[in-house]
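These notes are about the structure you will find just below.
Order of the sequence lines sets the chain letters (A, B, ...), proteins ahead of strands, with each chain counted from 1. Nothing here was measured: the structure is a model prediction, and the numbers come from that model.
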Number of protein chains: 2
Amino acid sequence: MPPRLLLAGPPWRGEHVVDGKWVGGLLLQLRWVDSACTGGWAPTPASLAPQRDEGAKLARTSARMTPAMISRPSVVALGHPPSTGQTDIARWMSPPAEPVGIRSVPESESRFGLGELTRAALWIWQDRVRTDAYREAIMLHQKFIEGKVVMDVGCGTGILSVFCARAGAKRVYAVDASEIATQASEIVKANNLADKIIVIHGRVEDVDVEEKVDVIISEWMGYMLLYESMLPSVLFARDKWLKPGGLILPSHATLFMAPITNSDRYEGSVDFWCDVYGINMSALVPLAKKFASEEPSIEIVGGENVISWPFVVKHIDCYTFTVEEFKSITTTYKVSSMMLAPIHGFGLWFEVEFNGPAESCSNLSSDSSPLDIIQKKRCRASDSTVVLSTAPEDEPTHWHQTILYFPDPIGVTQDQIIEGSVTITPSEENPRCLNIHLECS
Amino acid sequence: MPPRLLLAGPPWRGEHVVDGKWVGGLLLQLRWVDSACTGGWAPTPASLAPQRDEGAKLARTSARMTPAMISRPSVVALGHPPSTGQTDIARWMSPPAEPVGIRSVPESESRFGLGELTRAALWIWQDRVRTDAYREAIMLHQKFIEGKVVMDVGCGTGILSVFCARAGAKRVYAVDASEIATQASEIVKANNLADKIIVIHGRVEDVDVEEKVDVIISEWMGYMLLYESMLPSVLFARDKWLKPGGLILPSHATLFMAPITNSDRYEGSVDFWCDVYGINMSALVPLAKKFASEEPSIEIVGGENVISWPFVVKHIDCYTFTVEEFKSITTTYKVSSMMLAPIHGFGLWFEVEFNGPAESCSNLSSDSSPLDIIQKKRCRASDSTVVLSTAPEDEPTHWHQTILYFPDPIGVTQDQIIEGSVTITPSEENPRCLNIHLECS
């Protein structure tokens, strides 16, 4: 069945009804809310791990979704509500005896409740694409890291700290606000690195160390880069603790976006209801469209689903980016369809690079041409840098891609121009939530 | 690496430390809690649909987990907290104009909030194994159904009501407490069955119809049959509305259990941490074991994972079963291992049959021998009945299997006897939660 068009006029030029209002151009006003906005939790079967992700077995067994870590694990199990992070000023005022190598700072504003990042880490550290990229980046910069002081922001199990110590770092401050710090400390000891790695249990904003650091390393990226990301903590650490000329890993991050086509998904989601066992269930089609389009979908799509060159929503230079810039990210775009196809929505994904302060391979912006992006891929292939990509054409990661589906597909012809704007802003209600405003005209 | 044993003495005979207490035999005290116990919700990526389930595409796009329907959908998407079911006594007292074919009863104790079952149904009706079984059962009993009155308890989209109407039912009362009743009514009209199917929006416990019914049909089964099941509503409808000699579909349900081995899963979940990129992370092993074993896991296992004949935990005859019997289901078991293998836990699954009041194919009990079970399979193969099976050796359904993992595997030899008891009781705190107490000695 051919895709039904929402448009009255020519594709992308007509007027659309969205939420009962006539607007010029397509408008998707998405609000991505995590449970921290409302509290609570919900259990889910454990067997739903992404089949294409290597090493997801553990997740299917035990990882659980809990508040405040929505961007981290994506597999959950039926179970008890998680413990909540406890205010622990008392311990700060009068610290009890603790395992060697762990320092405590107040947990009162801890981002993660007891055990939550622990559970997340159990899954997240099985994403080999990501871990391999970090390990390669550390090897690439080994000469810089040797004999230097490193801070690992949000260290989790401490795996990046161990990589840095093994690469010759003189000292590593491994900081995490979650209870995972306890396990990180044990792992450090079990690997005979307690003389090099100091695990600090607390928020990086509360940490007090005795020296400035030469290197900041962090795995801070959330879904579509920015959802529930720890970037603000990395920027804080940079401004407070990084020596001039220091190294930040990753150094650069780029959020991409492109129109996507996904007829199999759309037909299975929406058209399915037109005939179910010979029964006309099209009464469910409006609901199916609503559910498909009212919120971003985290899923894996392939390069074949992407119907134009991607455009750059934001390029972040971690050496210079500020928290202020994070408050509203907006760009216009103009891309050309590579084929005759129905557009079912837009996909978002990101890449991060691991460069020194002066060596960004190519600082992409929303003005970047397709040639810039090809150049970037060539640069990457030359091994002069390490890139961790979550693009549809690359090996899947636990971040998948983020898809903003339209209620109805919109047909485009080959070489047809698709243009508009996209704005991403943290929710005023909760800065960890994102509003996404997408227009096409 | 060989599985590590928890036991001090010979397998299954020693004393075990569980939760810091020495107990004779293995003890798994599981408490399955749904969010209705605590309120709240948690979003999750949408792409985690079980890859082996046919037609799960919609779910990956749009279905969402919400409170009070934990047993229904198993795929969720990031999004807003669901609307909650609203008390609507006012409408009952003074009903407004409503679509033809819908009657309202009070929603004050509605099991499903606004839109929740709707979302669930969007996924659940794509489970073809289940829907095919119901359709075949209706065809098998077509002569009985023709010209008769049917009640569909928890009708959802109304698909079973439509099947019954098409099979010749004189009248069908399609009852659902969820807002899905609105869509069910539209579907009934779109299929020109408004003269036969009366959609009633309300709890079956509150429904008032003008006649007794000849047939009760319901898709009431939850995970491991009983978790969040609607069986009590079916029994209520039977006692209040079913004529003597009437038909109940399904008529019989059997909950099975067997020891399972799953080394791939265990090694990926637990042993994985012993060496991660050359780093000793065994500090995480106790956590991994805890997470793997502290709650039931909903996942798909295969027949090759089952290491003894299953035993019957409970056989339910829907014609005679009472709510009282549901309050504590307990059985002893004694099975023989078919191989030398590590036992990683126990699996639970169920079958339902669609028989008339006097024709149960084989009333299995916990005393049933393997021969009884073979006989049952033969009976099923003879086409004299319809069986919907969620067993590991059969085609996967959205119910998957439910696995109770041990913290540590326990080795058994071929023909070794495994015996003990299992007790399943609804939680006192919330009857929709289950406590599972499992012992082996």
**Request:** Please flag which part of B:N191 lies under 4.5 Å from any non-hydrogen atom of chain A: side chain, backbone, both or neither.
**Result:** side chain
**Request:** Can you tell which part of B:N262 gets under 4.5 Å to a heavy atom of chain A, answering side chain, backbone, both or neither?
**Result:** neither
**Message:** Once rounded to the nearest 0.5 Å, what's the spacing between atom CG of A:L287 and atom OG1 of B:T157?
**Reply:** 11.5 Å
**Message:** Any non-hydrogen side-chain atom of B:I187 less than 4.5 Å from a side-chain atom of A:I279?
**Reply:** yes
**Message:** Less than 4.5 Å apart, side chain to side chain, heavy atoms only: is that true for A:E186 and B:L284?
**Reply:** no
**Message:** For the residue pair A:R166 and B:Y277, would you count it as a cation-pi contact if the rule is NZ or CZ under 6.0 angstrom from the ring centre and within 45 degrees of the ring axis?
**Reply:** no
